[in-house]
Amino acid sequence: MNNLKRKQLSDLEAPERRVQLRSIDGLGERAGLAAVEVAELRKTYPGGVEAVKGISFAVAPGEVFGLLGPNGAGKSTTIGMLTTTVVPTSGTARLAGYDVAEQPLLARGVSSVVFQDSVVDGPLSGRANLELHARLWGVPAVHAGHRITELVDAVGLTELIGRPVSSYSGGQRRRLEIARALVSSPRVLFLDEPTVGLDPRIRHELLDVIAGLRAREEMTIVLTTHYLDEAQRLCDRVAIIHEGTIVALDSPGALLAGLGREILEFRVSGSPEAALSALRDRGAAGDDAFAVGARVTVPLHGHAARDALAAIEAERLRASELATRVPTLDDVYLHLTGERIAHAG
Ligand code: ADP
């Protein structure tokens, strides 16, 4: 949709709901119409699977927001509801003020989505795919040519754009899909697991492309991922999703800061719970130390690792594989849920 059309639509329809974002951690003084506003959103599939259990969050214009969680957490269902392909069971979701259930066409008009499955046409060239999409979206030809050239450059496909898409690699195809989604100049771009299925080098290249886009386009991005490095690298804030519920929502830095700068990890051959309480009694572990299976994790919070090691020895704990390291979002997730996110990046 071109800017003029969008403006006309927003003049006619925008409910001008000014939402206060000050209460949202990490947004400071930024206030205005939320790009995405989700309240008590819920999806129970036929058969009774409660995929999303009443989640709420708001995303500010220009923000990159991540939904992070393992497979089955409810991320795709959430994106499906926000992009009007999945009907919510209850609750509301608005894109730039438009309610996805009540005003689906307007909500779709201000957003674009890149799903995991490819939607580009193999026999056509990359450029023909983009031109076709521009026509479908009513982008005037005079603007479309310039816009396409700019986007193709931004995603690094200038040299390939005349070739049939069937000759593209997986990573090149994903870049084309992102360019295609941007042809309509969306206010909100949804990326569902943008790098899944790509090999590590190509993944990193694509992350560079996405990071570069956010600098060029004034756009809000909502992405789902189960890769921790992806969330950490790209996102201003991350909602950690576990079994359909948001268990934490903050900037990656703030989430990590909760566990301090360094953690001590070890395996114990006796009872991990007994080991934890012994270390707590000696003041060598705090309330946020936790055990999953035989593995004990102790955030050090500025204490020397040797004090914890001395306590382990004094308690005669049968500990092995002792190591200190900086915490990752996987530790945050593990701490909150007792489970690991698969494929930790
Ligand atoms: P994620 O994207 O985090 O992997 P999903 O949103 O795909 O999670 O799935 C959340 C839960 O909903 C899972 O238990 C999944 O099996 C279930 N689910 C997803 N789609 C459907 C569907 N169409 N019908 C029934 N259950 C579904």
Side-chain angles (χ1 to χ4, degrees), residues 36-57 59 64-95 100-101 104 107-108 111-119 170 174 177-178 181 188-198 203 206-207 210 220-235 237-250 252 255 292 328-345:
V36 182
E37 196 188 357
V38 171
E40 286 300 319
L41 195 62
R42 188 177 290 276
K43 177 66 187 180
T44 306
Y45 284 110
V49 178
E50 293 183 75
V52 175
K53 299 174 184 164
I55 59 171
S56 303
F57 59 87
V59 185
V64 179
F65 189 87
L67 298 169
L68 173 69
N71 288 334
K75 306 179 299 292
S76 295
T77 302
T78 302
I79 293 284
M81 290 191 279
L82 293 176
T83 55
T84 78
T85 54
V86 174
V87 180
T89 305
S90 63
T92 56
R94 293 175 178 276
L95 305 185
V100 297
R108 279 211 290 273
S111 59
S112 275
V113 57
V114 179
F115 284 118
Q116 292 172 35
D117 296 332
S118 180
V119 289
R174 203 68 60 85
E177 307 242 341
I178 291 175
V188 185
L189 174 67
F190 293 100
L191 301 172
D192 192 14
E193 298 274 3
T195 65
V196 87
L198 302 178
R203 266 193 73 220
L206 192 68
L207 291 184
I210 297 170
T220 305
I221 300 179
V222 177
L223 62 91
T224 69
T225 186
H226 62 268
Y227 292 113
L228 304 151
D229 62 334
E230 203 159 295
Q232 214 159 324
R233 165 118 188 263
L234 293 177
C235 299
R237 287 187 308 145
V238 174
I240 298 186
I241 307 211
H242 176 66
E243 296 180 354
T245 304
I246 293 179
V247 292
L249 196 171
D250 214 327
L255 290 168
V292 176
T328 66
L329 285 179
D330 199 31
D331 299 310
V332 176
Y333 187 80
L334 197 60
H335 180 226
L336 291 166
T337 68
E339 291 170 25
R340 281 195 179 279
I341 298 178
H343 312 296

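Order of listing sets the numbers, starting from 1, for every ligand and every atom in it. These numbers were taken from a predicted model, which means no experiment stands behind them. What you see below is based on every heavy atom in this structure, not just the backbone, and it leaves out hydrogens, waters and symmetry mates.
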Can you find a pair of side-chain heavy atoms, one from Thr337 and one from Glu243, that are under 4.5 Å apart? no
Could you report the tightest heavy-atom contact between Gly244 and Ile55, atom names first, then the distance? O-CG2, 3.5 Å
Are any of the side-chain heavy atoms of Tyr227 and Leu207 separated by less than 4.5 Å? no
Could you walk me through whether Ser111 and Thr83 pass side-chain contact (heavy atoms from CB on, under 4.5 Å), step by step? CA-CA 8 Å; Ser111 59; Thr83 55; 5.6 Å; no
Can you pull the residues with any heavy atom under 4.0 Å from ligand 1? Tyr45, Val49, Ala51, Pro70, Asn71, Gly72, Ala73, Gly74, Lys75, Ser76, Thr77
Checking Glu40, Arg42, Lys43, Met81 against Pro88 for side-chain contact (heavy atoms from CB on, under 4.5 Å), the one that qualifies is Met81
Do Phe57 and Leu67 touch side chain to side chain, with heavy atoms closer than 4.5 Å? yes
